[in-house]
Amino acid sequence: AFEYATEGVSFAFQGGEPTLRGLDFFEFFVEKTKELNEKKLRTNFSIQTNGIAVDDEWAKFLSDNKFLVGLSIDGPSRVHNKNRVFSTEESSLRNVMKTKSLFDKFGVEYNALCVITSETSKYPEQVYEFFRKKGIGFVQYIPCLDPAEEVPGLHEFSLTSKDYEIFLKKTFDIWYRDVIAGNITVVRTFDNWIAMVIGYA
């Protein structure tokens, strides 16, 4: 990558759950990039995680090495716990919010990755207000897609285009109200659309 690049190199880690590889792997990886970056190119790191394995040591490492983190949070417990529970059926939301607090403590740059399923789409106001009240200023809404080789709509989580449309419209109205009032939550989808409309994308 460093031999090929001319301006910068970005490394993105996704899963499964990439933190299961262990912090020692990521420490080794970052050190290796420093060793191989003979042209002194800009290097960016990002990682998507459910946050379950993150502790103080992890948070400090992510902050020190300026990782941009996507933290999977689907909203309040009634929504998040629909698909994100442990094998014991225990909620994972408390663990994820503990990680969110660690990120705030150590100054980790992160955004919430919120997967919109058929269930999530029923609660646009509650989901948006959850992130706002928790002080999460950057959110990505990600539509949950059926497997490409299957007929759409066969699963409990299956999201129809109409449900997603209604979710986004209702969320946009709330978000726009807040923008006008000066209470900004960055929603990537809306930012992208607005950039396209005004000609910056």
Side-chain angles (χ1 to χ4, degrees), residues 1-77 79-117 130-145 184-189 191-192:
F2 284 114
E3 288 177 1
Y4 176 80
T6 57
E7 295 183 7
V9 179
S10 295
F11 297 101
F13 298 91
Q14 296 177 267
E17 175 49 46
T19 59
L20 292 177
R21 187 61 179 84
L23 181 56
D24 56 344
F25 166 79
F26 288 92
E27 291 172 333
F28 165 80
F29 190 95
V30 169
E31 288 305 311
K32 200 67 176 176
T33 63
K34 294 176 183 177
E35 175 187 328
L36 296 175
N37 189 6
E38 296 178 355
K39 293 185 283 187
K40 307 301 180 187
L41 302 174
R42 181 184 68 257
T43 306
N44 299 311
F45 301 103
S46 62
I47 187 171
Q48 294 188 7
T49 176
N50 60 26
I52 302 301
V54 174
D55 56 14
D56 286 60
E57 192 176 7
W58 260 108
K60 185 177 187 306
F61 167 81
L62 295 171
S63 177
D64 289 347
N65 293 284
K66 296 180 170 52
F67 271 69
L68 174 61
V69 181
L71 181 62
S72 295
I73 312 174
D74 290 342
S77 57
V79 175
H80 182 90
N81 294 334
K82 183 71 177 177
N83 296 296
R84 298 188 187 276
V85 293
F86 295 107
S87 59
T88 60
E89 298 300 317
E90 180 186 358
S91 165
S92 67
L93 184 58
R94 181 179 300 178
N95 301 71
V96 178
M97 295 311 294
K98 180 181 177 182
T99 294
K100 182 261 184 198
S101 296
L102 286 176
F103 286 171
D104 291 339
K105 174 183 175 182
F106 285 93
V108 176
E109 186 179 356
Y110 68 96
N111 53 69
L113 305 179
C114 176
V115 177
I116 309 303
T117 64
F130 171 84
F131 291 122
R132 190 181 66 79
K133 290 178 179 178
K134 295 299 182 182
I136 298 173
F138 296 85
V139 181
Q140 291 186 44
Y141 293 123
I142 304 169
C144 184
L145 303 178
I184 307 297
T185 297
V186 177
V187 177
R188 183 174 179 179
T189 304
D191 280 6
N192 288 347

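Fair warning: this is a prediction, and the values are worked out from it, not measured in the lab. If you read the sequence from its start, that first residue is 1, and numbering goes on from there.
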Heavy-atom pair of closest approach, residues [X] and [Y]:
X	Y	value
Phe67	Ile47	CD2-CG2, 3.9 Å
Gly8	Ala5	O-CB, 3.6 Å
Thr117	Cys144	CG2-CB, 3.9 Å
His80	Ser92	NE2-OG, 3.0 Å
Ser91	Asn81	OG-OD1, 2.8 Å
Ile52	Val96	CD1-CG2, 4.1 Å

key: Check: Phe61 and Glu27 side chains under 4.5 Å, non-hydrogen atoms   =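 Contact flag for Glu27/Phe61 side chains = yes.
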key: Any Thr49 side-chain heavy atom under 4.5 Å of Leu71 side chain   =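 Yes, at least one pair of side-chain atoms sits under 4.5 Å.
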request  = Check the pair Asp56, Phe106 against side-chain contact (heavy atoms from CB on, under 4.5 Å), reporting the backbone distance first and the verdict last.
outcome  = CA-CA 8 Å; Asp56 286 60; Phe106 285 93; 3.7 Å; yes
Separation of [Y] [atom2] from [X] [atom1] (nearest 0.5 Å):
X	Y	atom1	atom2	value
Asn50	Glu17	CG	CD	3.5 Å
Leu41	Tyr4	CG	OH	13.0 Å
Ile73	Met97	CD1	CE	5.0 Å
Ser46	Glu109	OG	CD	10.5 Å
Leu145	Ile116	CG	CD1	12.0 Å
Asn65	Lys60	CG	NZ	9.0 Å

key: Phe26: partners by ring pair (Phe, Tyr, Trp, His ring centres under 6.0 Å), with sequence neighbours left out   = Phe13, Trp58
request  = Only counting residues at least two apart or in another chain, list the ones meeting ring pair (Phe, Tyr, Trp, His ring centres under 6.0 Å) with Phe130.
outcome  =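 None.
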Is a donor on one side and an acceptor on the other found under 3.5 Å between the side chain of [X] and the backbone of [Y]?
X	Y	result
Gln140	Asn111	no
Lys39	Thr6	no
Asn37	Thr33	no
Thr19	Ala53	no

inquiry  = Applying salt bridge (Lys or Arg N to Asp or Glu O under 4.0 Å) to Glu35 and Lys32, what does each step give before you reach the verdict?
reply    = CA-CA 5 Å; Glu35 175 187 328; Lys32 200 67 176 176; 3.3 Å; yes
message = Can you classify the ring geometry of Phe11 versus Phe45 as parallel (below 30°), tilted (30 to 60°) or perpendicular (above 60°)?
response = parallel
Salt-bridge present ([X], [Y]; N to O < 4.0 Å):
X	Y	result
Glu31	Lys34	yes
Lys100	Asp104	yes
Asp74	Lys82	no

query = Hey, is CZ on Phe28 packed in by over 12 heavy atoms from elsewhere, all under 6.0 Å?
reply =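 Check fails, neighbour count at 12 or below.
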